[in-house]
S.K.: 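Please find one structure pasted underneath; my questions will follow.
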Amino acid sequence: MESEFRLYPRQASSFAEKYDQLNWFLVSTSFFFVALICALIIFFAIKYRRRPNAVQPKLDGSKFVLLEIGWSIVPLVISMVMFGWGVVVFLEMERTPAEHEQFYTVGKQWMWKNQHPNGKQEINDLHIPVGETIEMKMISEDVIHSFFIPDFRIKQDVLPGRYTYVWFKPTRVGEYHLFCTEYCGTSHSEMIGTVHVMEAADYAEWLNEQTSEPADVAGKEVFEKYHCNNCHLHDGGGRGPSLVGILGKERILNGGRRIVADEEYIRESIFDPNEKIAAGHQAVMPTFANEVSEDEVLQLISYLESLEEKADQAAYDNKKPNE
């Protein structure tokens, strides 16, 4: 990590240059008009200063119509350029490309717990390959935090009870600061991490050197640890509904209400199981609040995703003989 003093962060992601161009346009435009207005104020203050026996001139307002239209239209056009430019940059930052690697982050007083797609976990460090599109799925275990990498020009709040997302594509190998920018308690200033951007080959080698358990395997262990497999049988014959292929699918609740079983629904069903009960089932599941950690929820979701992939593969294999 470079230690020299900098007035402006490095440009180390695909967003950085676009963000900086917009920022410098806003700053330079604002500076120009501030300077222009100050200069005009000084000029007119001197030119029309009070003099002895001065005669107040009579002004014909009709001669200044074009001037009034001009100082209304020009700021409007500049404001709309700022708005449109900002919208373009904002929408690009909000829409994650379809092809990406998903990492997980759990914020906690006062540390960042990061997990790689293969289940490898780190505390306050994040190793990523250069040139790859990375999406961070984030949640907090306690209070509001904010995930901020200045050199990447990205910042996203990390909230308790709700998943938030941010994506980026690192463009320079190096080490970069990871900060929390939301005051989260007495040791907020110590919630600092390091992002290590590596060449793809170096990252693959680093990842292979790490002994870790895949996230879906860890999720299966969590599934069995809390005895979820006693009720959620894969064939649907248990007291709870089958969870195979549930993610992203429509689910009918008691009373006829229809929802999409996304990650938020899975998490809510663990911590508040009686809020949305699947049709045909009863409210018999106990809450696992204060028992299952946010890390374990993410591992459970990885396990359910693996079940879905296996179900899709099984359906494909069963279909092949009839093709």
Side-chain angles (χ1 to χ4, degrees), residues 90-107 115 117 133-141 144 147 156-167 215-216 218-220 222-223 226 228-229 231-289 291-316 318-319:
F90 174 78
L91 291 179
E92 182 180 354
M93 298 179 76
E94 286 295 304
R95 295 171 176 168
T96 306
E99 298 293 330
H100 64 267
E101 291 283 344
Q102 187 162 73
F103 288 60
Y104 303 94
T105 289
V106 176
Q115 179 176 302
T133 301
I134 308 292
E135 183 186 65
M136 306 297 300
K137 181 164 71 175
M138 306 179 292
I139 196 167
S140 170
E141 283 193 2
I144 299 176
F147 186 90
Q156 178 60 264
D157 284 348
V158 182
L159 310 175
R162 173 183 163 190
Y163 292 112
T164 56
Y165 302 83
V166 66
W167 78 274
D216 59 327
K220 184 173 186 296
V222 174
F223 194 75
Y226 292 101
C228 310
N229 53 338
C231 296
H232 295 285
L233 304 182
H234 291 349
D235 62 4
R239 288 189 295 175
S242 170
L243 302 180
V244 177
I246 182 178
L247 276 173
K249 305 294 192 310
E250 185 181 75
R251 200 162 188 80
I252 303 175
L253 307 179
N254 280 337
R257 181 183 170 193
R258 295 173 182 268
I259 62 166
V260 174
D262 55 11
E263 294 157 346
E264 298 279 358
Y265 169 73
I266 298 298
R267 184 182 179 282
E268 182 184 41
S269 297
I270 294 171
F271 295 136
D272 190 5
N274 295 328
E275 181 65 25
K276 296 171 183 171
I277 301 173
H281 295 273
Q282 298 179 347
V284 294
M285 178 174 163
T287 177
F288 286 87
E291 292 187 55
V292 179
S293 68
E294 295 292 351
D295 292 331
E296 291 175 323
V297 172
L298 293 173
Q299 291 167 346
L300 281 170
I301 290 173
S302 295
Y303 173 57
L304 297 183
E305 289 174 341
S306 72
L307 292 180
E308 186 167 2
E309 293 171 359
K310 291 174 183 176
D312 291 343
Q313 184 62 45
Y316 174 75
N318 292 333
K319 186 179 178 182

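Quick note: numbers below take in every heavy atom, side chains included, and nothing from hydrogens, waters or symmetry partners.
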S.K.: If only side-chain N and O atoms count, and only distance matters, is there a donor-acceptor pair under 3.5 Å linking T164 with Q156?
M.R.: no

S.K.: Donor-acceptor pair, distance only, cut-off 3.5 Å: does the side chain of D157 make one with the backbone of L159?
M.R.: no

S.K.: Under 30°, 30 to 60°, or over 60°: which ring-plane class applies to H232 and F223, parallel, tilted or perpendicular?
M.R.: tilted

S.K.: Carefully, step by step, assess T105 and V158 under the rule side chain to side chain contact (heavy atoms under 4.5 Å, CB included).
M.R.: CA-CA 9 Å; T105 289; V158 182; 5.5 Å; no

S.K.: Roughly how far apart are E294 CD and F271 CZ, rounded to 0.5 Å?
M.R.: 5.0 Å

S.K.: Given 3.5 Å as the limit, does a donor-acceptor pair link the side chain of Y226 with the main chain of F288, or not?
M.R.: no

S.K.: Would you say that L307 contacts H234 through its side chain, given a criterion of any heavy-atom pair below 4.5 Å between the two side chains?
M.R.: yes

S.K.: Roughly how far, to the nearest 0.5 Å, is OG1 of T96 from OH of Y165?
M.R.: 9.5 Å

S.K.: Given 3.5 Å as the limit, does a donor-acceptor pair link the side chain of W167 with the main chain of M93, or not?
M.R.: yes

S.K.: If you define the side chain from C-beta out and look only at heavy atoms, does anything of K276 sit under 4.5 Å from R257?
M.R.: yes

S.K.: Given V166, which partner from the list M138, E135, K137, E94 fulfils the side chain to side chain contact (heavy atoms under 4.5 Å, CB included) test?
M.R.: M138

S.K.: Donor-acceptor check, side chain of N254 to backbone of G280, threshold 3.5 angstrom: yes or no?
M.R.: yes

S.K.: Any side-chain heavy-atom pair from K220 and S306 closer than 4.5 angstrom?
M.R.: no

S.K.: Do you know the tightest heavy-atom contact between H281 and G240?
M.R.: CE1-C, 3.5 Å

S.K.: Given side chains that start at C-beta, do those of Y104 and I139 come closer than 4.5 Å, heavy atoms only?
M.R.: no

S.K.: Are there over 12 heavy-atom neighbours, none belonging to E291, within less than 6.0 Å of that residue's CD?
M.R.: yes

S.K.: In Å, rounded to the nearest 0.5 Å, how long is the span from CD of E263 to CG of L300?
M.R.: 12.0 Å

S.K.: In sequence, state the C-alpha distance, the side-chain angles, and the governing distance for M285 and I277, and then conclude on side chain to side chain contact (heavy atoms under 4.5 Å, CB included).
M.R.: CA-CA 10 Å; M285 178 174 163; I277 301 173; over 6 Å; no

S.K.: In this structure, are over 12 heavy atoms from other groups packed under 6.0 Å from F90 atom CZ?
M.R.: no

S.K.: Before you tell me yes or no, could you show the steps for D262 and Y163 under side chain to side chain contact (heavy atoms under 4.5 Å, CB included), namely the whole-Å CA-CA distance, both residues' side-chain angles and the distance that decides it to 0.1 Å?
M.R.: CA-CA 11 Å; D262 55 11; Y163 292 112; over 6 Å; no

S.K.: Could you tell me whether E250 atom CD has more than 12 heavy atoms of other residues or ligands within 6.0 Å of it?
M.R.: yes

S.K.: Taking the side chain as every heavy atom from C-beta outward, state whether V292 and V297 have any atom pair closer than 4.5 Å.
M.R.: yes

S.K.: Side chain to side chain contact (heavy atoms under 4.5 Å, CB included) between L247 and E305: does it pass, once the steps are laid out?
M.R.: CA-CA 7 Å; L247 276 173; E305 289 174 341; 3.3 Å; yes

S.K.: For residues P273 and P286, report the shortest heavy-atom separation together with the two atoms involved.
M.R.: CG-O, 3.6 Å

S.K.: So which heavy atom on A261 is nearest to which on R251, and how close?
M.R.: CB-CD, 4.3 Å

